[in-house]
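Protein chains get the first letters and strands the later ones, always in sequence-line order, with residue 1 at the start of each. Everything quoted here is computed from the prediction, not taken from an experiment.
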There are 2 protein chains.
Amino acid sequence: MSNRDRILELALRLMNEEGAGAAGTTRIAEELGISPGNLYYHFKNREEIVRVLFDALDAEFRSLLIEDADPPISASRFAAFYLRSFDLAWRYRFFFGGLLGLLRRDEELAARYRALQDWAIDELEGIATQLVKDGSMARPRGRDGLRSVALSTWLIWMNWIRFLQISGRETIEPSDMAAGVSQLFDVLAPYLDPAFEKSARRALARESPKRG
Amino acid sequence: MSNRDRILELALRLMNEEGAGAAGTTRIAEELGISPGNLYYHFKNREEIVRVLFDALDAEFRSLLIEDADPPISASRFAAFYLRSFDLAWRYRFFFGGLLGLLRRDEELAARYRALQDWAIDELEGIATQLVKDGSMARPRGRDGLRSVALSTWLIWMNWIRFLQISGRETIEPSDMAAGVSQLFDVLAPYLDPAFEKSARRALARESPKRG
DNA sequence: GTCTATAAGCAGATAGAC
DNA sequence: GTCTATCTGCTTATAGAC
């Protein structure tokens with residue numbers, strides 16, 4: 001394993017466990033037993049490390065969303081999609097807690113993040129539209145009903161892990177993600193076809209990672 | 001105006017405008033034209049400044065919630081309550097963006113924040129329960145339906161301003177809060193009595209601060 | 001690719017005079 | 001209450017040898 005990869009791996013671990021501020025260049029180099037100079041050979045600066053990690057999250061998220069927007073959307077695929085998206089958020093959970101600070105310090109990262117967010121909300125709206133077409137979901141009232149539902153799901157997805165962190169949980173486990181998906185289902189529930197919802201909830205319970 | 005108050009005022013302004021990290025003790029002292037020593041006479045350390053600001057937010061939020069949970073809850077009081085709560089969040093908007101970082105650095109602040117959050121979610125559930133009793137709202141399905149609705153409203157309240165900041169808005173205006181309240185109404189809408197909802201939305205449009 | 005050594009800057013905080 | 005002066009510790013980042 002190259003030092004470059006070891007740097008990325010350790011940076012991700014440290015930031016996930018202790019927050020985005022925990023992975024200074026000094027500390028990374030020290031814990032890996034390499035020199036600061038070596039680290040700076042591989043990365044121009046601290047921000048570049050974060051950008052490379054974000055790019056991985058970005059790519060995974062896009063392929064996940066594209067794959068799963070493909071019609072028709074069955075209840076189990078619907079549940080699996082949200083579970084996988086929460087699992088992805090978990091693996092890069094450092095990103096959400098410190099997001100604003102990270103974006104303020106790196107305009108390039110901010111631009112990439114915003115492009116992803118805009119695209120994702122559109123895509124989530126597209127998924128909701130497809131569910132309506134499939135007859136699995138009723139169209140919410142109001143002009144921008146589907147847009148609003150998409151935005152609510154985005155807000156919950158973005159902030160579920162941060163909410164757990166803020167609430168004082170020492171560690172966040174993959175098994176905590178099912179509650180986030182369930183929270184999200186609760187927001188969609190009033191519009192979902194009852195049979196579809198029931199089936200989706202069953203799939204969620206079946207496929208959630210178990211505690212421990 | 002005492003230097004102590006000037007410190008608090010400037011710290012709040014800087015953090016609101018440029019983020020929680022922007023108000024270092026050095027910078028505050030410099031911009032006020034006082035010495036670092038003077039600042040440290042008034043506050044034990046940087047964290048204490050933040051704690052005093054949080055206490056103000058805490059007190060205002062509690063009195064707002066207590067006042068408005070008083071039955072029966074009319075549609076216009078309902079709308080006014082959410083508008084005022086978003087206005088409060090706006091005045092202390094620094095807090096939400098950098099929340100996780102602030103809590104990680106100050107265990108005392110973390111404990112106070114968590115107490116407020118636990119209390120607030122209970123209280124929001126109480127408001128929802130009252131609306132059901134008043135006949136203004138249908139009880140959501142599922143065992144913890146009202147709890148889930150309370151949590152969703154909390155998540156949106158907590159994260160609306162941060163969402164705008166993250167989305168790249170240079171400045172956030174009081175007039176941006178109405179969209180947050182509207183987003184929150186959209187989540188509640190499926191359960192609200194149609195006449196109640198209509199009336200609440202009308203009150204929201206009437207009482208929202210205008211742009212500019 | 002990797003190292004040593006160090007520059008340069010900024011933060012929070014304190015001692016002690018007035 | 002307010003000041004001057006300063007200490008300490010930390011961080012990012014670079015120059016240049018191996």
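Of all non-hydrogen atoms in B:K210 and B:S208, the two that sit nearest each other are NZ-O, 2.7 Å. Nearest heavy-atom pair, B:W154 versus B:A120, reported as atom, atom and distance to 0.1 Å: CZ3-CB, 3.5 Å. Across every non-hydrogen atom of B:R93 and B:W90, the tightest pair is NH1-O, 2.8 Å.
Residue B:E48 contributes atom CD, which lies 14 Å from atom C1' of C:dA13 at whole-angstrom precision. A:R46 places its CZ atom 18 Å from the C1' atom of D:dT14, with the value rounded to the nearest Å. Look at NZ on A:K44: it is 8 Å from P on D:dA13, rounded to the nearest Å. In this structure, the CZ atom of B:R6 is 9 Å from the P atom of D:dT2, given to the nearest Å. To the nearest angstrom, P of C:dA11 lies 10 Å from CZ of B:R27. Taking atom CD1 on A:I34 and atom P on C:dC3, their separation rounds to 7 Å, with Å as the unit. Rounding to whole angstrom units, CD1 of residue B:I28 and P of C:dA11 are separated by 11 Å. In this structure, B:E30 atom CD and C:dG12 atom P are separated by 12 Å, rounded to whole Å.
When each of A:F95, A:F81, A:W157, A:F86 is paired with A:F61, the ring-ring contact (aromatic ring centres under 6.0 Å, His included) condition holds for A:W157 and for no other.
Residue B:N3 places none of its side-chain N or O atoms closer than 4.0 Å to OP1 or OP2 of D:dG1. At the phosphate of D:dG1, neither OP1 nor OP2 sits under 4.0 Å from any side-chain N or O atom of B:S2. Within the structure, a side-chain polar atom (N or O) of B:Y41 is placed less than 4.0 Å from OP1 or OP2 of D:dG1. Look at A:Y40 and you won't find any side-chain N or O under 4.0 angstrom from OP1 or OP2 of D:dT14. Taking 4.0 angstrom as the limit, B:N38 places a side-chain polar atom (N or O) nearer than this to OP1 or OP2 of D:dC3.
Listed candidates were D:dT12, C:dG1, D:dT2. Nearest to the side chain of A:H42 is C:dG1. Closest approach to the A:T25 side chain among C:dC3, C:dG12, D:dT12 is made by D:dT12 (side chain taken as heavy atoms from C-beta onward). Side-chain atoms of A:N45 lie closest to D:dA13 of the nucleotides D:dA13, C:dA13, C:dT2.
Counting non-hydrogen atoms under 4.0 angstrom, A:G37 reaches a base of the nucleic acid.
Between the side chain of A:T153 and the main chain of A:A150, a donor-acceptor pair closer than 3.5 Å is present.
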